[in-house]
Amino acid sequence: MAATGNEEQTLLPDIEEEAEGMEREMDSEEEEEEGMGVEHSEEEDEEDTSEDERENEAEIQRLEEQLSINVFDYNCHVDLIKLLRQEGKLHRLRKARQKMSELFPLTEEIWLDWLKDEIRVTEDESDREKVYELFERAVKDYVCPEIWLEYVQYSIGGMGAQGGIERVRSIFERALTAVGLHMTKGATIWEAYREFEIVILSTVQPPSGSVPSQEQQELLNAQLERIHTLFRRQLAVPLMDMEGTYAEYSDWADDGVPEMVTRQYRRALQQLEKCKPFEEALLVSETPKLAEYQAYIDFEMKEGDPARVQIIFERALAENCLVPDLWIKYTTYLDRQLKIKDLVLSAYERAVRNCPWTMGLWKSYLLALERHEADHQTMTDVFEKALNAGFIQATDYVEIWQSYLDYLRRRVDFSKEWSRELDELRAAFARSLDYLKQDVEERFSESGDLSCTIMQIWARIEALHCKNMQKARELWDSIMTKGNAKHANMWLEYYNLERSYGDASHCRKALHRAVQCTSDYPEHVCDVLLNFERVEGSLEDWDAAVQKTETKINRVNEQRARVAEKEALQARQEEEKAEHRRKAKADKKGQKKSQKANRTGDKRKAEDEYEEEWGEDAELPSKRLRGEEDFGSTATEELMETESGLFGRRAPPRKTEPPGFRKNQQRSSEALRQLQDASKEPRKDENSFEDRLAVPEALKLDRQEVDGRPMYVSPCVDKNKNPDFKVFKYKTAMEKHKIFISGLPYTCTKETLEDLCKQHGTVKAIRLVTNRSGKPKGLAYVEYENEAQASQAVVKLDGTMLENFTLSVAISNPPGRKMEDKGAPSRLLGAAMPRQPQGARGKGRTQISLLPRSLYRQSTPDAKAENGTVSAPHTTVTDGVHGGPGSASLDTQSKSLSNEDFARMLLKK
């Protein structure tokens, strides 16, 4: 709540004397420090102090200049107050706090610092009254238990004055009303109140051994009853740790706890159990806890206790003071349910101070003031503040003006021919039009009132209440000149006004102008004119109306025909362009197909890839003979998935063994023996176990390095029967605690990368990406303990150099793994193929089928034998591989075809 000029005078008296007193206190503190043996030379202290003071003074001046430019800079106010308090400049500190409190509600921390500073310099009773006034302002901004506790404790210091005890009790009662229901912090106010009354009890008790008089006994009984009442009231309220309060009352009461109090205590405990989940959710959630407070508010509103609803709203607003929807919900509840003037108006006043940009709060505030019969000057002041609040839309200013004009209209007694209120209403209408035209249009480049709603209302008031049709016609003439003459609804609105309060001549004139100017619904306006002449007009009037309407309709039809022709032409042009684009796309696609058909480099491409893997000088391994098998070669040729998520590439057949081939083969066999050892069970064949429990242990060996190369272990699954099965074990979604590093040197090791990354957080895991041969790709994934460390690493490492390589670092977010369509009729030559079972001859490295084209033809059930064999119904032979998808045996009961069979078929063909 903004302070008035009188408040400033009461809060800032004798500033110079108090400032001198503060300086004297600071000097005395410095002398005490020197007396305690602070071992610094006076010259060094003076130099350091003067340097710090100069820097702080320069910063203070900068902040003051910034506030002179923008007084609504909240953070600047806070920084200035902190610096002034640090420097001990009480006079300027008070002014800074005063200015900020006029513009913004102050936080609990700022209020407590201000109150403690003022309490520290309080000397006489007059100063105490100023502090009381400051406390009253503090408790109005937010409901804060800590400020109320400070308030009651300060008031206890003045209990020795006349009426001091009653004043303390009054402040305690207000504190209980405000925060006594606060489930987690309300108990402190109850306990402080009870301790205060117990101290008072000790003062009225007679000395031991003496007999109290009747008056003393009455005082004693009254004080005891106060304490009993406080216990009973507190035990009826659900508060945290209320079991301790009940135990304390049991010990304190001589006659034990009454049954009624016990019943109230149990009901409160039941209510506490209902609220505990919401309190626990607030305790573990992070600020601002808006969702948790919303759930708590909904629960309390269903319970229906207005006091509890109010306290939970106040708790939510203390942490979410800049949420307009929460203020709107709270003020609406107070307005419709409690309807208590002080509560409602206080809530609205705090709402518009916290969210001044929300027009809806100001509009509801004006209605609440009028509803509670506030005086006219208060209404006007609130409206002027609303105009200076800085709304974000031009239409907000139109709505706030409408609300204020509605209020002024309700004040006018139209039974009188003239009144001061009527003049004020007309002046407000004129001012609103000027304000929207000048101030609002200058800021938003529009008035916000395109339909001239305010002028329409003014014209209707003049016509209906004031019987002044001349003024109403002038207003409507202004409305039409503002670009509204082309809208039929505007003309019809004016016509209805003339029909209700004017005469037939002006109605006819308005309709003729409407027919001439309307462009959106001319037929409707023409019908209205003809109907009017049927009722009111003469033959001449009818003929004139028919002629005018026919001319208008013909002209409109011609315009529409031209527009339709233009649109049809544009549509044809668009179709031609679209057809041209389709042809160009088809031609381009055909060219690509022809280029692919002519491409003959697939075989060479496969050989180049092989050379890249084994080296240019390495000789290719010799061809394996049919039927020749060994476990090591099967393992190395099996298709596996790589880090990139695509199917792995099988090493092509080797003409000669590269250097170290047999050695690597032996090591692979040794690694596979490790799988056998992990199972602890004898195996039936090369890659199966008798016990299912052994499989998980064997799968743990996946990607272990064997002589510098990764060994891949995965379940043996037929992907033709389980197409959705995935071997890739790493996540493909975003992992915010993991970073992806590219551009690494190929010589980079895990140790080097860990030394680099652990500078920015705790590294949990590092994965260097390699190809199937174990060669690094220059990529890595680093997993941190949390998202914050990963984000810090991205900021610090991205773009840095490592061994003359520039690193690129980002949060891990791999692209989606798209599986190839298994129903595709064909594949590009040389494309990666999914894993398939191998036949007796294996696969050629080019993946090209060598079967005769005739064998691809599907045969019918009645087909005859062709090429020396009978085709099974609904089957197709592809690639000579039996048992896989897209392939079937030519005769399930006959033996497989050999090379000689194929040769005979080719000779017969």
Side-chain angles (χ1 to χ4, degrees), residues 398 401-402 405-406 408-410 412-419 421-423 425-434 436-437 447-553 555-556:
V398 177
W401 268 111
Q402 285 179 337
L405 292 170
D406 292 345
L408 294 178
R409 196 268 307 164
R410 288 189 284 266
V412 179
D413 183 3
F414 289 103
S415 62
K416 299 178 182 179
E417 185 176 353
W418 175 88
S419 64
E421 289 81 5
L422 179 58
D423 286 347
L425 174 62
R426 285 172 171 163
F429 268 115
R431 183 192 167 197
S432 68
L433 298 179
D434 292 339
L436 294 177
K437 183 178 180 180
S447 65
D449 191 11
L450 300 178
S451 300
C452 300
T453 307
I454 292 178
M455 293 181 71
Q456 290 187 47
I457 295 172
W458 189 5
R460 188 163 288 276
I461 291 174
E462 292 288 351
L464 174 62
H465 297 293
C466 302
K467 313 300 181 186
N468 188 355
M469 278 303 298
Q470 183 61 34
K471 179 65 175 177
R473 292 182 183 116
E474 291 176 1
L475 290 170
W476 268 104
D477 188 62
S478 299
I479 291 172
M480 293 305 179
T481 57
K482 293 182 180 296
N484 293 300
K486 60 184 178 180
H487 301 301
N489 64 320
M490 301 297 289
W491 283 109
L492 294 179
E493 186 70 24
Y494 176 39
Y495 162 73
N496 291 330
L497 184 70
E498 287 286 358
R499 193 72 170 152
S500 301
Y501 311 108
D503 51 50
S505 174
H506 285 89
C507 287
R508 182 176 292 106
K509 188 182 296 184
L511 289 175
H512 277 273
R513 291 179 62 192
V515 170
Q516 182 179 356
C517 301
T518 300
S519 60
D520 51 357
Y521 298 102
E523 293 88 352
H524 183 58
V525 175
C526 291
D527 290 341
V528 173
L529 175 58
L530 293 176
N531 289 332
F532 172 76
E533 295 299 352
R534 284 191 176 98
V535 176
E536 298 284 346
S538 61
L539 179 60
E540 290 79 6
D541 296 331
W542 172 260
D543 291 339
V546 170
Q547 183 180 359
K548 195 172 190 67
T549 54
E550 287 179 352
T551 304
K552 176 66 175 180
I553 294 300
R555 186 166 62 251
V556 168

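Because the structure is predicted, anything quoted here is derived from the model rather than measured.
Separating the CH2 atom in Trp542 from the CD atom in Gln547 is a distance of 13.5 Å, to the nearest 0.5 Å. Leu405 CG to Thr453 OG1: the interatomic distance, rounded to the nearest 0.5 Å, is 12.0 Å. Here the CD-CE distance, from Glu462 to Met469, works out to 10.5 Å after rounding to the nearest 0.5 Å. Here the CZ atom belonging to Arg508 is positioned 10.0 Å from the CG atom belonging to Asp503, to the nearest 0.5 angstrom. One finds the NE2 atom of His506 at 13.0 Å from the CG atom of Leu511 (value rounded to the nearest 0.5 Å). Between atom CG of residue Leu433 and atom CG of residue Leu475 there is a gap of 8.0 Å, rounded to the nearest 0.5 Å.
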For Arg499 and Glu536: C-alpha separation, side-chain torsions, deciding distance, then whether salt bridge (Lys or Arg N to Asp or Glu O under 4.0 Å) applies. CA-CA 11 Å; Arg499 193 72 170 152; Glu536 298 284 346; 3.3 Å; yes
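Looking at every heavy atom in both residues, Phe532 comes nearest to Ala504 through CZ-O, 3.6 Å. Among all heavy-atom pairs drawn from Leu408 and Ala428, the shortest one is CD1-CB, 3.4 Å. Between Arg473 and Gly502, the shortest heavy-atom contact is NH2-CA, 3.9 Å.
With a 4.5 Å cut-off on side-chain heavy atoms, Leu425 and Trp458 do not count as touching. Looking at Arg426 and Leu422, their side chains come closer than 4.5 Å, going by heavy atoms from C-beta outward. Looking at Ser432 and Ile454, their side chains come closer than 4.5 Å, going by heavy atoms from C-beta outward. Taking 4.5 Å as the limit, some side-chain heavy atom of Phe429 sits within range of a side-chain heavy atom of Ile457. Put simply, the side chain of Lys471 does not reach to within 4.5 Å of the side chain of Cys466, judged on heavy atoms.
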Under 3.5 Å donor-acceptor pairs involving side-chain atoms of residues 522-529, not counting sequence neighbours:
from	atom 1	to	atom 2	distance (Å)
Glu523	OE1	Arg560	NH2	3.4
Glu523	OE2	Arg560	NH1	2.6
Glu523	OE2	Arg560	NH2	3.1

Would you list the atom pairs, donor with acceptor, under 3.5 Å between side chains in residues 482-494 and any protein atom, with sequence neighbours excluded?
from	atom 1	to	atom 2	distance (Å)
Asn484	ND2	Ile479	O	3.0
Trp491	NE1	Ala485	O	2.6
Glu493	OE2	Arg460	NH2	3.2
Tyr494	OH	Glu498	OE2	3.0

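A donor atom on one side chain and an acceptor atom on the other are found under 3.5 Å apart for Asn531 and Arg534.
No donor-acceptor distance shorter than 3.5 angstrom exists from the side chain of Thr518 to the backbone of Val515, with no hydrogens or angles considered. Without hydrogens or angle criteria, Gln456 side chain to Ser451 main chain gives a donor-acceptor distance under 3.5 Å.
Evaluation of the ring pair (Phe, Tyr, Trp, His ring centres under 6.0 Å) rule for Phe414 yields His465 as partners, not counting sequence neighbours.
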